[in-house]
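Starting from 1, each residue takes its place in the sequence as its number.
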Amino acid sequence: MTDIAVTLADKRGTLPPEDKLGFGKIFTDHMFVMDYATGKGWHNARIVPYGQIEISPAAMVLHYGQAIFEGMKAFRTADNRIVVYRPLDHLNRFNHSADILSIPQMDVNVLHDGLKQLIEIDKEWVPKSLGTSLYIRPFVISTDPFVGVKVADQYTVFIILSPVGAYYASGFKPVAIKVEEHFVRAVKGGLGEAKTPANYAASLKAAEVAKKEGYTQVLWLDALEQKYIEEVGTMNIFFKIDNEIITPALNGSILNGITRRSVLAVAKDWGMKVSERRISIEEVYEAHEQGRLQEVFGSGTAAVISPVGELSWKGRKITINNNEIGETSQKLFDYITDIQQGRVADKFGWTGEMAKL
């Protein structure tokens, strides 16, 4: 285990009623912190009480946005173990985002040990109700007090924990999606495959407009031709056409989703035909007109699987699978969440034990 200094909170909080958790508003008693300085590297790994952080008003992150984050979940299993879903995959992707933003690489083993010790200390915050979890948010910010455009010399990495309720508070059901025609999210060679705040800030305006029009989110098309499908909201997207599972190929502007990887692996294991390739919005609409479009669904850490029941593109609305949850969407959601919460054997080795209760 990594040598990590620990300072415990004088007063410990308690987990609120699990039906009142919501998402991302409640935080545990402690957080992991580590600093970086050019010439010294990453150092001073520590676990401290959760609280406010102090940075200079001139901190570079506030002016030039050099920052990254990750998101993963811990679950309490039926036999009272605390497991995290694909932690090393998430932490390795964290470093990939760091590389894109010119942030120094971190030792994944140090981060993993820090996370494990943090969860051990705050394990009583992991909820147990079906669908609940402990959301894990690692993030890095550049902290140099310097108003000038350059790669920073100082950074801090944090890991904070948040108990969250079931994502589908009102039930697992299909959503309506607007195909975006005006705004673009990312372009190849940019930040699209990094989990960085700018990526998500760029999506807000389109999502706001779509919600005013009655849609849950937007389906992003490529920035150059506005023809090929990329992501849905902040999730990867899948289409089931003629019993084939199709998802846009990773192209430099699409996030390499961990749940996306899980969907592909599980579908292949089930013997389904799976393709990662370019797919246009015209192809999807044509498949619908010909009766070959069977399902559409998104995948991501928060929702796992999000069925799509309606698409609207250039004023043309189509309904998918009678606006009902598809067989494959439901089966994938059930199976992946069963693995996460220890209800079925983890044949893929995706869950890492962090603590026992």
Side-chain ([X]) to main-chain ([Y]) donor-acceptor, under 3.5 angstrom:
X      : Y      : value
Gln341 : Leu130 : no
Asp107 : Asn109 : yes
His63  : Pro57  : yes
His90  : Leu88  : no

*asked:* Between Ile279 and Leu311, is there shared hydrophobic-cluster membership here, with clusters defined by ILVMFWY side-chain heavy atoms closer than 4.5 Å?
replied: yes
Residues [X] and [Y]: side-chain donor-acceptor under 3.5 angstrom:
X      : Y      : answer
Ser312 : Lys317 : no
Ser253 : Glu230 : yes
Tyr200 : Thr234 : no
Tyr135 : Thr301 : no
Asp334 : Gln330 : yes
Gln154 : Ser142 : no
Arg93  : Asn256 : no
Ser262 : Arg86  : yes

*asked:* The criterion is side-chain contact (heavy atoms from CB on, under 4.5 Å); which residues satisfy it with Thr337, sequence neighbours excluded?
replied: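 Per chain and number, Thr337 pairs via side-chain contact (heavy atoms from CB on, under 4.5 Å) with Val304, Phe333, Gln340, Arg343.
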_Restricting to side-chain contact (heavy atoms from CB on, under 4.5 Å), what partner residues turn up for Asp19, sequence neighbours left out?_
Pro17
Between the side chains of [Y] and [X], is the shortest nitrogen-to-carboxylate-oxygen separation below 4.0 Å, so that they form an ion pair?
X      : Y      : answer
Glu120 : Lys356 : no
Glu276 : Arg260 : yes
Asp122 : Arg12  : yes
Arg277 : Glu283 : yes
Lys227 : Asp222 : no
Glu213 : Lys178 : yes
Glu70  : Lys195 : no

_Quick check: Phe69 with Phe139 (ring centres under 6.0 Å apart)?_
no
*State the CG-CG distance between Asp10 and Asp29, to the nearest 0.5 angstrom.*
11.0 Å
*asked:* If the condition is side-chain hydrogen bond (donor to acceptor under 3.5 Å, both in side chains), which residues does Glu286 pass it with, not counting sequence neighbours?
replied: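 side-chain hydrogen bond (donor to acceptor under 3.5 Å, both in side chains) check on Glu286 returns nothing, list empty.
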_Using 30° and 60° as the class boundaries, would you call the ring planes of Trp350 and Tyr85 parallel, tilted or perpendicular?_
perpendicular
*Would you please name every residue forming a ring pair (Phe, Tyr, Trp, His ring centres under 6.0 Å) with Tyr335, sequence neighbours left out?*
Trp270
*asked:* Run the ring pair (Phe, Tyr, Trp, His ring centres under 6.0 Å) test against Phe238 and tell me which residues pass, sequence neighbours left out.
replied: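 In terms of ring pair (Phe, Tyr, Trp, His ring centres under 6.0 Å), with neighbours along the sequence ignored, Phe238 is linked to Phe297.
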*Apart from Val187 itself, what residues make up its hydrophobic cluster, given side-chain heavy atom links below 4.5 Å?*
Leu224
